[in-house]
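Worth knowing before you read on, the calculation uses all heavy atoms, side chains too, and leaves out hydrogens, waters and symmetry mates. A, B, ... follow the sequence lines: proteins, then strands. Residue 1 opens every chain.
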Amino acid sequence: MLLLAPPLFAFGLVYLASLVALLVSAFWSVDAFTTEIVHIWNVDNFRTLWDESAYRTIALRTIGIAAAVTVTDAVLAFPFAYFMARVAGPRRRALLFVLVLLPLWSSYLVRVYVWRLILNQDGVLNWALGKVGLPDAHIAYTNVAVWIVFSYVWLPFMILPVYGALERIPDSLLEASRDLGARGFLTLRKIVLPLALPGLVAGSIFTFSLTLGDYVTPLLAGGSSSQFIGNVVYSSVGVSNNVPFAAAFATVPLAVMAVYLLIARRLGAFEAM
Amino acid sequence: MRGIRRTRVLAAAVTAALCVPAAGVGSGQGLPTSIGKGEGQLNLIAWEGYTQPQWVKPFQKSTGCTVHAKYAGSSDEMVTLMRSGGGSQYDMVSASGDASLRLIYGKDVQPVNPALIPDYKNFIPALKSPPHNTVGGKHYGISLQWGPNTLLYNTAKVKSKPTSWAAIYDAKYKGKVTVPDNPIQIADAALYLSKAQAGLGIKDPYELNEKQFAAAVALLKKQKPLIKKYWALASDEIDLFKNGDAVIGASWPYQTNTLKAAKVPVADVIPKEGATGWADTWMLSAKAKHPNCAYKWMQWVSTPKVQAQQAISFGETPANLKACAWMDKLSKGTCAQYHANAPTAYFNSIRFWKTPVADCGNGKKDCMDYTKWQQAWTQLKG
């Protein structure tokens, strides 16, 4: 018990204290002229967030793209993880593991920049489309590009928990299903998917929360209407030195994640991690 | 979150620091008339690339002042850094025109004596007492380098040479336009409107009343569907032009030169409305702890050779007219390339950045201040 105290204390200080500081400062404001923080309690920041349609659009865009990325990754990860867990032999499985984890060894920034090279006007994609006689795609610097890049960079975080859940399904259950006359699709729907669901939900926590809090990909891969909550937080602190407003906006993803985690717990995601 | 915690810690550090009396020149009792012995240290807030070993090392050797530089990513970060820690943590800042007035009115910087800087007399007249660093006859720093915000275009895609800023608001280039991601971009719109809609009565693109400001923002809103990307880094714009994602936009000479070196068919022009420009100033913190080293630094970076080195290394124009010869000596042709020898008419077409403030000299305080500019910009981008 005594040995646990220092890490618990550090944990409490780092996580809880900063959260409290965040929540408290969201109710302060900034003097327009001196940009000093004024310690008078008010809800002006939240009122601005609510009244100004631009901030609503930004919040909805952030949540919408995070949801789209999560669904995309789930759809891509499931067949891949299924193959790894239940079809591939040990050697091929090891190889696939390396392939999944390999991108994580390179810098996140490098991977975002590579996508810019692929998607831009004179990039690999349009070159390939031109070769087969198709018209140019105009994906670079749009929200579609942001969605693609996010789906790519967070995919390993979905594959691994889904793989874990699928691997744990006992063979006997699948055999029993077959013995009772269920075909492949029915088994998938009635046995595999329900048992893999906690894994999918666990993966979705990663993909959803990582997208929700990111600001680098929208900055680099996004276009003229690609601001995320993170970008506004960043510019509120870095550009206008308005920490209280940044704190107020930062409570939005916090609240979204709290709701999300409650639902995830209901679905048994925490047992699958 | 981190910001708050940092401020707290620093606040404690400052309280401690304030107990130590500041020594040396210029601690608030009038301007110094001579420079004393260096304090051995100099803490700078600078743009990345402004403290290259090429000219910092010789400075340290000859003055004994060890330079500690903290790079800032934006003008606003510079202001924040100067204020953090009560202002005594850093001695100097290489502030651009969109930050300098904020620092002056915020009492974060102190006046300096240009008579102590021998090369000051060789400066471009427009940068001796520019309104972005000189208030009420007091010089709050020494000008360093400057650059215009030019109109950059792809000569293969844009057939006729554009002569007006109207080109970046032209639906013809839909999805192919790029402009800087910076609230000061509103001034570029205002500069264009000052000629295109003379009825608005815009005299100074940085002093806009509510109606003029609304017109500029409305123009930028109309421009937004044409924008491919608001660029944040010079390298972003270079990528956009290199890969054909943008064919026209607002730029700096640095991008033009880099793109030309990469054999991309581009050219830049200062349109008939003129152009906005940025100019950087080394400003002295109001609570500088190493003022002697700071003065020595201002002397050093104003000398022709260092001015030329920095101009070439960063891609900007020196304030010192004598730097031209050194630029050509260091890298042939760079003096003309960066307009270091351009005639007075060229400088007169540049409206240098300055911080928008509410009080714009008409006694009514009815101008839109920088906070309003910043909010409008965030909402515009949406």
Side-chain angles (χ1 to χ4, degrees), chain A residues 14 17-25 28 30-37 48 52-58 61 113 116-117 119-123 126 136 138 140-142 145 219-227 231-247 250, chain B residues 1-8 72-77 79-81 83-84 102 105-108 175-179 181-183 223-233 235-236 239-247 357-358 369-382:
Chain A
V14 171
S18 58
L19 264 180
V20 169
L22 175 90
L23 288 171
V24 167
S25 60
W28 288 336
V30 158
D31 185 295
F33 189 69
T34 59
T35 69
E36 298 271 332
I37 292 177
T48 313
E52 197 53 63
S53 68
Y55 297 122
R56 242 176 300 154
T57 313
I58 290 165
R61 176 188 301 132
Y113 273 113
R116 269 195 2 183
L117 286 177
L119 296 176
N120 64 35
Q121 187 63 38
D122 297 343
N126 283 344
D136 280 355
H138 297 283
Y141 309 110
T142 61
L219 189 72
L220 295 177
S224 58
S225 303
S226 296
Q227 286 198 103
N231 298 87
V232 178
V233 169
Y234 175 76
S235 67
S236 297
V237 177
V239 176
S240 49
N241 200 21
N242 194 341
V243 173
F245 183 76
Chain B
M1 262 180 312
R2 230 172 62 208
I4 296 172
R5 286 155 47 90
R6 192 175 55 196
T7 328
R8 290 270 171 73
S74 69
S75 286
D76 307 279
E77 195 184 344
V79 176
T80 310
L81 282 171
R83 286 176 184 167
S84 65
R102 269 183 277 169
Y105 290 129
K107 299 193 168 41
D108 302 302
K176 296 281 179 193
V177 182
T178 182
V179 297
D181 185 359
N182 187 336
Q223 183 199 33
K224 196 186 165 202
L226 316 178
I227 300 282
K228 171 58 86 178
K229 186 175 180 64
Y230 294 103
W231 60 267
L233 305 165
S235 61
D236 278 344
D239 269 4
L240 288 163
F241 270 83
K242 221 183 233 171
N243 298 311
D245 288 298
V247 301
V357 291
D369 63 28
Y370 188 72
T371 315
K372 302 245 171 53
W373 284 49
Q374 199 267 330
Q375 281 167 358
W377 186 253
T378 304
Q379 287 161 19
L380 175 90
K381 285 198 299 165

Answer key: most heavy-atom pairs under 4.5 Å with chain A among B:Leu240, B:Asp245, B:Ile227 is B:Asp245

Only pairs of heavy atoms separated by less than 4.5 Å count here; which of A:Gln121, A:Glu52, A:His138 has the most with chain B?
A:Gln121

Among A:Pro244, A:Gly123, A:Ser53, A:Gly222, residue most engaged with chain B (heavy-atom pairs, under 4.5 Å):
A:Gly222

Straight-line distance of A:Ile58 CD1 to B:Gln379 CD, nearest 0.5 Å
8.5 Å

Going by heavy atoms in the side chains, are B:Val179 and B:Tyr230 under 4.5 Å from each other?
yes

B:Leu380, B:Asn182, B:Asp236: which one forms the most heavy-atom pairs within less than 4.5 Å of chain A?
B:Asp236

Side chains of B:Thr378 and A:Tyr55 in contact at under 4.5 Å (non-hydrogen atoms):
yes

Without hydrogens or angle criteria, can the side chains of B:Trp377 and B:Asp181 be said to hold a donor-acceptor pair below 3.5 Å?
yes

Less than 4.0 Å between a side-chain N and a carboxylate O, is that true for A:Arg116 and B:Asp239?
yes

Checking the side chain of B:Lys381 only, and the main-chain atoms of A:Ser226 only, is there a donor and an acceptor separated by less than 3.5 Å?
no

Under 4.5 Å from any heavy atom of chain B - which part of A:Thr57:
neither

Answer with side chain, backbone, both or neither: which region of B:Lys372 has an atom nearer than 4.5 Å to a non-hydrogen atom of chain A?
neither

A:Gln227 versus chain B, the contacting section by heavy-atom distance below 4.5 Å:
both

